[in-house]
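Counting begins at 1 with the first residue of the sequence.
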Amino acid sequence: MVGITGARDAVSPSWNTAEVEGGAVVGNESVRPRRSQARANRSRIIEAAISEFARNPDASMDDVARAAGVVRRTVYGHFPNRDALVEGLVDEASSALLAVLDELPTLPDRPDLTTAVLALLSWPIGDRFRVLLTFARAELGEERIRDLLVPARAPSIALVERGQADGVFSAYLPASVLVAMTEAVTLALFEEANHGTITDDGDSFALASLVLLGVEPSRAADVVAEAWDLLRTRPATPGA
């Protein structure tokens, strides 16, 4: 809002359409670059916070500002306090997960392959934000961390139910219970990645997800390999 106000104040009351090109006022600082700068600053702050909290869970807002290369006022302009910054990390992770779910309509009509592809696409997001597990549980609570997975819950249940109906996934438990178990395994795998036990690019996550759903391990490994082949050959998504 500061950038918008500043741009508005810089415009003379007598400006006319001849002074405007491409949505910016000629000879004055445009609104668009300021908004772009604000977005860039927010991204830098988020990335710095991830790094700083991974290094030191007690990192301060000053630490984050220094790591981001911005003044403290800029950090507080986006996040009024440390709790808001931690929530910003959670929101960023949730948005990234929603972007992965947008891929669902473009994936093959095979529940096992789709599950593997989604796992491989989701792992880098979890790997990026797994620092949340090291300190956000204490600050936000276990339930808030599990809320990260809420956007994926309904489509995941629908996918598992379809796989059960097709005979691809086991029906030894209801789909909702299997998805809840998968969520628990997801968090456990991220913890293991934090400890350095898991270092792959999502293969373990995809394999565990399929086996939990009743796919025989050797068959699950084949599906994961097929998922990688698909991801390597499919067109890149816009902005990727």
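Side-chain atoms of Gln164 and Leu178, non-hydrogen and from C-beta on, do get closer than 4.5 Å to each other. Within the 4.5 Å cutoff, no side-chain heavy atoms of Leu107 are placed close to those of Leu113. Residues Phe53 and Leu89 are in side-chain contact: their nearest non-hydrogen atoms beyond the backbone lie under 4.5 Å apart. Contact of the Leu231 side chain with the Leu121 side chain is registered, since non-hydrogen atoms from C-beta on lie closer than 4.5 Å. Two residues are said to be in side-chain contact when any heavy atoms from C-beta on lie closer than 4.5 Å; Thr115 and Phe169 meet this criterion. Pro217 places none of its side-chain heavy atoms less than 4.5 Å from the side chain of Leu207. Counting only heavy atoms from C-beta outward, the side chains of Phe79 and Val64 never approach each other to under 4.5 Å. Considering only heavy atoms from C-beta on, Arg110 stays 4.5 Å or farther from Arg162 through its side chain.
Of all heavy-atom pairs between Asp201 and Trp228, the closest is O-CZ2, 3.8 Å. Annotation for Thr182 and Ser209: closest pair CG2-OG, 4.0 Å, computed over non-hydrogen atoms. Taking all atoms of both residues into account, the shortest heavy-atom contact from Glu161 to Ala175 is CG-CB, 3.4 Å. When all heavy atoms of Ala116 and Val223 are compared, the closest pair comes out as CB-CG1, 4.0 Å. The shortest heavy-atom contact between Ile125 and Ala96 is CD1-O, 3.3 Å. When all heavy atoms of Ser170 and Tyr172 are compared, the pair lying nearest together is OG-CD2, 2.9 Å.
With Ser122 contributing its side chain and Ala119 its backbone, the two residues share no donor-acceptor pair below 3.5 Å. Side-chain N or O atoms of Thr114 include one that pairs as donor or acceptor with a backbone N or O of Pro108 at under 3.5 Å. Remark: side-chain polar atoms of Thr197 are not paired, donor with acceptor, to backbone N or O of Ala193 under 3.5 angstrom.
One distance of note links OG of Ser156 with CG of Leu118; it measures 7.0 Å at 0.5 Å rounding. The OG atom of Ser60 lies 10.5 Å from the CG atom of Leu85; values are rounded to the nearest 0.5 Å. Between Asp63 atom CG and Arg72 atom CZ the span is 11.5 Å, to the nearest 0.5 Å. Atom-to-atom distance recorded for Leu213:CG and Leu159:CG is 8.0 Å, nearest 0.5 angstrom. To the nearest 0.5 angstrom, Leu212 atom CG is 4.5 Å from Met181 atom CE.
Ion pair Arg42/Glu92 flagged as a salt bridge, since at least one NZ, NE, NH1 or NH2 atom sits closer than 4.0 Å to an Asp/Glu carboxylate oxygen. Salt bridge annotation for Glu183-Arg153: present, with a cationic side-chain nitrogen under 4.0 angstrom from a carboxylate oxygen.
At a cut-off of 3.5 Å, with distance as the only test, a side-chain donor of Asn41 or Gln37 sits close to an acceptor on the other residue. Using a 3.5 Å distance cut-off with no hydrogens or angles, the side chains of Asp200 and Trp123 do not pair a donor with an acceptor.
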Derivation of the side chain to side chain contact (heavy atoms under 4.5 Å, CB included) call for Glu87 and Asp83: CA-CA 6 Å; Glu87 281 287 350; Asp83 288 345; 5.7 Å; no
Arg219 and Asp112: CA distance, side-chain angles, deciding distance, side chain to side chain contact (heavy atoms under 4.5 Å, CB included) verdict: CA-CA 10 Å; Arg219 168 61 183 157; Asp112 56 347; 3.4 Å; yes
From CA spacing to verdict: side chain to side chain contact (heavy atoms under 4.5 Å, CB included), Ile198, Phe190: CA-CA 8 Å; Ile198 293 176; Phe190 288 149; over 6 Å; no
CA sep, side-chain torsions, deciding dist, call: Leu120, Phe205, side chain to side chain contact (heavy atoms under 4.5 Å, CB included): CA-CA 7 Å; Leu120 295 176; Phe205 180 35; over 6 Å; no
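Val75 and Val71 fall into different hydrophobic clusters, where Ile, Leu, Val, Met, Phe, Trp and Tyr side chains are chained together by heavy-atom contacts under 4.5 Å.
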